Each structure stands twice: as C-alpha cells, then as structure tokens.
Protein chains: 2
Amino acid sequence: MMTSRTWPTAEPLDGVFLALSDPTRRAVIGRLGQGGASVSELAQPFEMSLPAFMKHVRVLESCGVVRTEKRGRVRVCVLEGQAISQAESWLAQQRAAWQAQADRLVTYVEDEQEGVEGDRRRQ
Amino acid sequence: MMTSRTWPTAEPLDGVFLALSDPTRRAVIGRLGQGGASVSELAQPFEMSLPAFMKHVRVLESCGVVRTEKRGRVRVCVLEGQAISQAESWLAQQRAAWQAQADRLVTYVEDEQEGVEGDRRRQ
DNA sequence: TCTATTGTTTACCTCAAGGTGAAGTGTTGT
DNA sequence: ACAACACTTCACCTTGAGGTAAACAATAGA
C-alpha cells in the first residue's frame, strides 16, 4: 500500500506511462498527432459516455501529454510533444543499456567459443 | 466497464505501458539493463515484502518485458529487448507525426505572417 | 539429515481506475 | 428570449492494482 517507499511516489514518468497504457488514450494521442481537436470531436469514435471520455482527457492533461484550453463552450485539445519525448528517451536509454550489455555477452560467448575451438584443435 | 468496445481490450502495448508506469518496475528494468539477476537480488533494494515484489516480476514477465527461468531454487530474470523496442517505436511514431504537423503549422503561420508584412508594406 | 535460503501460495485489505446515468452550467445561434 | 450544444458535476458502482502476513514448498550446503 506504499506506506514507506525509497523514492517519492508519483514521478513524472509514472503518469505518462499510465496514460499510455489505455487504448482509448493512445487512440486520442494518435488523432491529436494530426492536429488539435475539441473534446466531442475526439470522443466521437468511442462507444463511451462523455463523462467517461472526459476522464481520459483529464488523465492525458494532468500528466502533460495533452494541453487543453477552453474557448467559449468548446474545449480544444492539443498534443504536447515534450512529455512523449521524455518517455521515449527513457525507453531509448534502457534499450541502449540492454543492447550494450547483450553485445558484451555475445562477445564473451564468442571468445569462449574460440577457446573451445582452440582446445578442439589441440586434441 | 468496457461492456462494448471498438477495439479488443488488452492489446500488447497496454500491458507494456502499464508495466512501465510503476517506479519499482522501471528500477528493475534499469537494473536488468546491466545483466540478468535473481529475484531476491532484484528485490534487495526495495522496502517491500517478497510476495509484493514477485507480483512486479510477474507483471514484467506477462507483458514480455522480462523473461524468467527457474534454476534450482532461484528464479533468474533477464530483460527482453523486443517489448521495450515496440513501445519505443510506437512513441517515436507519435512524436514524428506530431512534429510533422507542428512543422506544417509553423510554415503556415510564417506564410500568413509574410502576407501580413506584405500588406503592411503596401500601406 | 538437518537447516538456512529462496521462492510460492493463500487469504485478505485498501484505494484508484474506469465506467454509468442524471442533473446542472455556461455559450451560441436563431 | 430560448433552444440546442458542449461540456461539467455528482453520486454511484465494479474491478484490478499494489500491498500485507502467514504458512507452505523445494533446493543447497554443512
């Protein structure tokens, strides 16, 4: 229940990745990649009540993936590239570290293999 | 309550991003970037019961981010690069689309601005 | 063989996520 | 003025995520 934790809860990436974990919200992001849109415009493809859909918008907004602004009675939503970029570069870093380590492993195994082959030749 | 949905629930990315939304699990991924480790080795830095930690491992495993294997009494965990790569490229795609559209917008505004300046010159 | 180590299972708790319907608020267009 | 529109708020429900404690394997090492 997170009574005591080594790191402060709710780091920025928590929210971004949580937001990305829902297909509705990923679809919204995809749509907003083509340009801004109103809430009802965004909601149109989904079989879901408006209040439910608004929650998704709020989730996207509160983690900084989407910025919204009220113009008259319509709320306009636009993508905010920075949050997505941060998530992307975290992933890139992890993959790079993993790849580097995997390469070292392969090199090590190849060296071992050479050793074995050497032994075989020596037989 | 997801009684009816346009897309099938539980797409692969759902699980991966959900897994990434927890700081404990991100830390585990970071650790596994340096190479494989046993569960208790991984759990050591965390103030958390072992069963609780095992759940995190299972989450990482069931979405394909981590592969585990039982050797004797110890369960060895290793990173599986593919799942992370897929998440990464989804994000890269979204950012690219957003950037392309943002660039088009800037171009459009610049053209408008030139028009205005032209009008100003004509005054 | 006995004991410590390393998980694993079980039962349980709490809270937040994602959804609903119904009623309310503020704008816009006629 | 007033009807239609585009949210917004409210009260509520169900499920799953993340955590606990305690008891139960199964393997490794002395």
Side-chain angles (χ1 to χ4, degrees), chain A residues 1-11 13-29 36-63 65-78, chain B residues 1-11 13-29 36-63 65-78:
Chain A
M1 206 226 287
M2 314 250 215
T3 47
S4 66
R5 244 201 151 119
T6 309
W7 315 274
T9 317
E11 300 173 45
L13 282 180
D14 288 20
V16 177
F17 282 129
L18 187 62
L20 293 170
S21 74
D22 184 286
T24 298
R25 289 189 296 252
R26 284 201 308 278
V28 167
I29 290 173
S38 72
V39 168
S40 48
E41 217 172 328
L42 290 172
Q44 189 269 321
F46 301 95
E47 294 174 352
M48 189 187 299
S49 68
L50 229 242
F53 185 79
M54 273 300 297
K55 286 193 187 176
H56 288 298
V57 174
R58 295 297 185 192
V59 169
L60 287 167
E61 190 180 12
S62 67
C63 72
V65 167
V66 158
R67 196 158 29 81
T68 84
E69 190 185 342
K70 189 118 195 198
R71 292 191 178 163
R73 67 181 166 182
V74 20
R75 178 172 296 275
V76 179
C77 309
V78 294
Chain B
M1 206 226 284
M2 314 254 216
T3 47
S4 65
R5 243 198 151 125
T6 308
W7 314 275
T9 318
E11 300 173 45
L13 283 180
D14 287 21
V16 178
F17 282 128
L18 188 62
L20 293 170
S21 73
D22 183 286
T24 298
R25 288 189 297 251
R26 285 201 307 279
V28 168
I29 290 172
S38 72
V39 169
S40 50
E41 217 173 329
L42 290 172
Q44 189 269 321
F46 301 96
E47 294 175 351
M48 188 185 302
S49 68
L50 230 241
F53 186 79
M54 274 300 296
K55 286 195 187 177
H56 287 299
V57 173
R58 295 297 184 191
V59 168
L60 288 167
E61 190 179 13
S62 67
C63 72
V65 167
V66 158
R67 195 156 32 78
T68 84
E69 190 185 342
K70 189 120 193 197
R71 291 193 179 162
R73 67 182 166 180
V74 19
R75 179 172 295 275
V76 178
C77 310
V78 293

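Just so it is clear, the structure is predicted and the values come from calculations on it, not from any experiment. In what follows, chains carry the letters A, B, and so on, assigned in the order in which the sequence lines appear, proteins first and then strands, with residues in each chain numbered from 1.
In this model, the phosphate group of C/dT20 is approached by a side-chain N or O of A/Ser49 to a distance below 4.0 Å at OP1 or OP2. The phosphate of D/dG19 (OP1 or OP2) has a side-chain N or O of B/His56 nearer than 4.0 angstrom.
Rounded to whole angstrom, the span from the CZ atom of A/Arg25 across to the C1' atom of C/dG18 amounts to 9 Å. In this structure, CE of A/Met54 is placed 11 Å from C1' of D/dT9, rounded to the nearest angstrom. Rounded to whole Å, atom P of C/dA17 lies 17 Å from atom CZ of A/Phe17. Taking atom NZ of B/Lys55 as the reference point, atom P of D/dT20 lies 10 Å away to the nearest angstrom. The separation between A/Arg71 atom CZ and C/dT28 atom P is 12 Å, rounded to whole Å. With rounding to whole Å, A/Leu18 atom CG is found 16 Å from D/dG16 atom P. A/Phe53 places its CZ atom 10 Å from the P atom of D/dC7, with the value rounded to the nearest Å. Rounded to an integer number of Å, the gap from CZ of B/Arg75 to P of D/dA26 is 14 Å.
Residues A/Val59 and B/Val76 each lie close to DNA chain C; by heavy-atom proximity, the contact nearer the 5' end of the strand is made by B/Val76. Toward the 5′ end of DNA chain C lies the nearest nucleotide of B/Val74, the other residue of the pair B/Val74 and A/Gly72 mapping further downstream. Positionally, the nearest nucleotide of DNA chain D for A/Glu41 lies more toward the 5' end than for the other of B/Leu50 and A/Glu41.
For B/Lys70, the side-chain atoms get nearest to C/dG7 when compared with the rest of D/dG19, C/dG7, C/dA22. Comparing atom distances between the B/Val39 side chain and each of C/dG19, D/dC7, C/dG7 picks out C/dG7 as nearest.
Residues satisfying the side-chain contact (heavy atoms from CB on, under 4.5 Å) test with A/Ser40, not counting sequence neighbours, are A/Ser38. In terms of the side-chain contact (heavy atoms from CB on, under 4.5 Å) criterion, B/Gln44 has no residue partners (sequence neighbours excluded). By the side-chain contact (heavy atoms from CB on, under 4.5 Å) test, B/Ala37 pairs with B/Arg31, B/Leu32, B/Glu41, B/Leu42, sequence neighbours left out. Residues satisfying the salt bridge (Lys or Arg N to Asp or Glu O under 4.0 Å) test with A/Arg73, not counting sequence neighbours, are none. Scored by the salt bridge (Lys or Arg N to Asp or Glu O under 4.0 Å) test, B/Arg67 finds B/Glu80 as partners (sequence neighbours excluded). The side-chain hydrogen bond (donor to acceptor under 3.5 Å, both in side chains) search around B/Ser62 returns none, not counting sequence neighbours. By the side-chain contact (heavy atoms from CB on, under 4.5 Å) test, A/Ile29 is found to be paired with A/Leu20, A/Leu60, A/Val65, A/Leu79, A/Ile84, B/Trp90, B/Gln94, residues two or more places apart in sequence or in another chain being considered.
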Tabulate atom names and distances for all N/O pairs under 3.5 angstrom spanning the protein and nucleotides 2-5 of chain C.
{"residue": "C/dT5", "atom": "O2", "partner": "B/Arg73", "partner atom": "NH1", "Å": "2.5"}

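Note that the two end axes of the helix from C/dT1-D/dA30 to C/dT30-D/dA1 enclose an angle of 30°, each drawn from 5 base pairs, rounded to 10 degrees.
A/Arg26 places no side-chain N or O within donor-acceptor distance of the main-chain N or O of A/Ala19, the cut-off being under 3.5 Å.
Among the atoms of the strands shown, only primed sugar atoms or phosphate atoms (P, OP1, OP2) are found under 4.0 Å from some heavy atom of B/Arg58. Heavy atoms of A/Ser40 sit under 4.0 angstrom from primed sugar atoms or phosphate atoms, though from no base atom.
Nearest heavy-atom pair across B/Ala27 and B/Phe46 is CB-CZ, 3.7 Å. Residue B/Arg25 comes nearest to B/Leu18 through the heavy atom pair NH2-O, 3.1 Å, listed as atom of the first residue, atom of the second, then distance.
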